[in-house]
There are 2 protein chains.
Amino acid sequence: MLPKQRQDQIVRALRADGAGGVKVLARKLGVSEATIRRDLEQLHAEGRLTRVYGGALAVDGGDEPFADVNAVHAEEKDRIARRAAELVTDGESVLLDIGTTALRVAQHLHGRSLTVVTSNLAVLEELQYDEQIELIVLGGFVRRSYRSLVGYLTEESLRQIHVDWLFLGTSGVRPDGRVMDSTMIEVPVKRAMINAAERVVLLADRTKFPGHGVARVCEPGELSMVVTEPDSDPATRAQLTEAGVEVVLA
Amino acid sequence: MLPKQRQDQIVRALRADGAGGVKVLARKLGVSEATIRRDLEQLHAEGRLTRVYGGALAVDGGDEPFADVNAVHAEEKDRIARRAAELVTDGESVLLDIGTTALRVAQHLHGRSLTVVTSNLAVLEELQYDEQIELIVLGGFVRRSYRSLVGYLTEESLRQIHVDWLFLGTSGVRPDGRVMDSTMIEVPVKRAMINAAERVVLLADRTKFPGHGVARVCEPGELSMVVTEPDSDPATRAQLTEAGVEVVLA
DNA sequence: GCAGTCTCGATCAAACTCGTTCACGAATTT
DNA sequence: AAATTCGTGAACGAGTTTGATCGAGACTGC
């Protein structure tokens with residue numbers, strides 16, 4: 001295996017688990033710890049991960065939850081979330097994706113009379129004690145670093161339900177309008193969510209728009225609506241409008 | 001687990017509960033109290049939490065009463081839970097019922113290499129950050145007052161799995177050995193749990209033994225084992241033994 | 001206010017991790 | 001064919017983290 005390939009795999013492994021120790025990575029990739037350290041140093045210099053004592057953390061590039069003090073885009077992201085929450089009428093049902101974007105939407109749903117369905121453990125925490133909201137948790141394997149549920153149990157649960165709205169996060173929307181994600185394992189769950197929803201709303205701030213990701217989640221045509229910022233890339237927006245997607249600016 | 005990860009989880013745990021004691025955090029994260037103190041000191045310096053005597057508070061809503069963090073343990077009930085936890089061998093899978101009894105068992109599973117399946121939200125909170133444990137959450141409607149998941153989604157999820165052990169709580173065991181519950185809505189879930197388990201273990205302190213309940217959960221013959229206290233009613237115990245149930249005294 | 005219990009920070013040894021250095025082998029250049 | 005470059009693994013001393021222990025101080029119940 002080429003060094004570059006190995007380094008890509010390190011980044012990928014961190015995306016999947018949120019973090020990794022030097023020893024674990026060395027065993028996983030079949031090289032010595034010294035090599036891993038050199039890789040981590042280099043990748044840290046490139047900004048592709050965060051080096052910490054004992055290993056490295058995934059850098060929050062996609063829609064990765066809980067990299068705490070990321071207050072830079074907080075204001076904009078929150079405006080998108082608030083706009084999304086306004087779309088929903090009392091009495092309707094809402095499915096919330098994993099990630100911080102969906103969590104922000106949940107924060108704007110407090111006190112509303114809604115049915116909320118989620119595989120996002122942070123959303124569960126947020127809405128657990130809100131008596132107005134009928135809360136439904138999808139089953140699944142706990143993915144600690146992302147605070148989410150995944151796997152066939154999650155997909156199976158999604159096959160049992162149907163909701164009015166799905167609010168979807170993303171690691172990026174490609175210039176041709178395709179919705180991407182940074183981790184493969186979530187894709188089947190996201191696809192099952194899309195199939196379980198009447199209307200699919202994608203939430204994407206300007207950093208995701210256009211953006212990239214390794215795994216394709218869906219075609220633009222599968223979306224009903226996209227909520228984004230006014231100064232996001234117009235070309236990508238036009239591409240989406242052409243595909244019949246309603247683009248809402250927040 | 002990396003030190004940075006552990007510190008993130010401390011902050012997360014505090015956000016969930018509002019506050020946390022040094023002892024509780026140490027057990028939850030599987031490190032010594034000394035390490036937790038050093039983490040708290042560091043996180044306090046970073047302004048990510050507020051250090052108080054005995055533990056720490058989340059930065060936002062720091063007006064939570066801290067008294068219940070040091071709540072006294074019910075030693076007798078805990079003995080039953082510990083005995084139950086000892087039944088399980090590393091590598092096996094465990095299904096935990098709702099209720100405080102099952103939560104107590106979960107507290108004794110920290111650091112074990114197990115697969116834990118549950119619809120108990122308190123168990124989810126307890127084991128969420130334990131890396132050794134593969135944690136699976138059943139789907140379902142959130143029942144706030146009981147901190148549990150119920151409904152057809154839960155039953156459907158249970159049909160997808162099979163576990164080595166089920167630890168069942170109860171409102172009471174009738175003198176003829178029948179297991180009862182105080183609420184109807186949980187019964188279908190409990191029945192589905194029994195069907196999904198290789199061995200069914202009932203946990204019942206002396207107050208439940210004999211005891212009452214409005215809804216019948218199962219016949220004594222469906223149980224593999226009962227863990228109870230030495231001074232619980234001998235007549236009911238005899239009834240159970242006759243039905244082929246192994247009675248363990250803790 | 002007093003005794004008992006709990007918590008704190010300091011200290012220390014052990015375990016772990018880090019960056020550096022050196023040697024080896026493979027691929028590339030001279 | 002020889003020299004050079006590059007990536008790698010092993011080894012080592014320096015630095016960091018961890019858990020145990022202990023005396024001082026804080027808290028609680030009476």
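Chain A is the first sequence line, chain B the second, and so forth, proteins listed ahead of strands; every chain is numbered from 1.
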List the atom of [X], the atom of [Y], and the distance in Å for their closest heavy-atom pair.
X      : Y      : answer
B:L2   : A:A56  : CD2-N, 3.7 Å
B:S232 : B:R237 : O-NH1, 3.0 Å
B:L138 : B:S119 : CD1-CB, 3.9 Å
B:S171 : B:G213 : OG-CA, 3.7 Å
A:G169 : A:K190 : O-NZ, 3.4 Å
B:V137 : A:L153 : O-CD1, 4.4 Å

Round to a whole Å and report the spacing from [atom1] of [X] to [atom2] of [N].
X     : N      : atom1 : atom2 : result
B:L29 : D:dT18 : CG    : P     : 12 Å
A:D39 : D:dC6  : CG    : P     : 16 Å
B:H44 : C:dT7  : NE2   : C1'   : 16 Å
B:R6  : D:dT16 : CZ    : P     : 16 Å
B:Q5  : D:dT17 : CD    : P     : 15 Å
B:L25 : C:dC8  : CG    : P     : 11 Å

Note to self: So, does A:T35 get its side chain near the phosphate of D:dT8, meaning an N or O under 4.0 Å from OP1 or OP2?
What the structure shows: no

Next item on the list: Look only at the side chain of B:S224 and the backbone of B:V201, and say whether a donor-acceptor pair between them is shorter than 3.5 Å.
Entry: no

Next item on the list: Can you check each nucleotide of nucleotides 15-23 of chain C against protein heavy atoms at under 4.0 Å and return B for base, S for sugar-phosphate only, - for none, in 5' to 3' order?
Entry: -BBBS-B--

Establish, from distance only, whether the side-chain atoms of [X] and [Y] form a donor-acceptor pair under 3.5 Å.
X      : Y      : answer
A:H110 : A:E126 : yes
B:T207 : B:D205 : yes
B:R147 : A:Q128 : yes

Note to self: Counting neighbours of CD on A:E41 that are heavy atoms of other residues, nucleotides or ligands and sit closer than 6.0 Å, is the number greater than 12?
What the structure shows: no

Next item on the list: Quantify the bending of the helix from C:dG1-D:dC30 to C:dT30-D:dA1 as the angle between its end axes, each fitted on five pairs, to 10°.
Entry: 40°

Each nucleotide N or O in nucleotides 26-28 of chain C that has a protein N or O under 3.5 Å away: list the pair and distance.
none

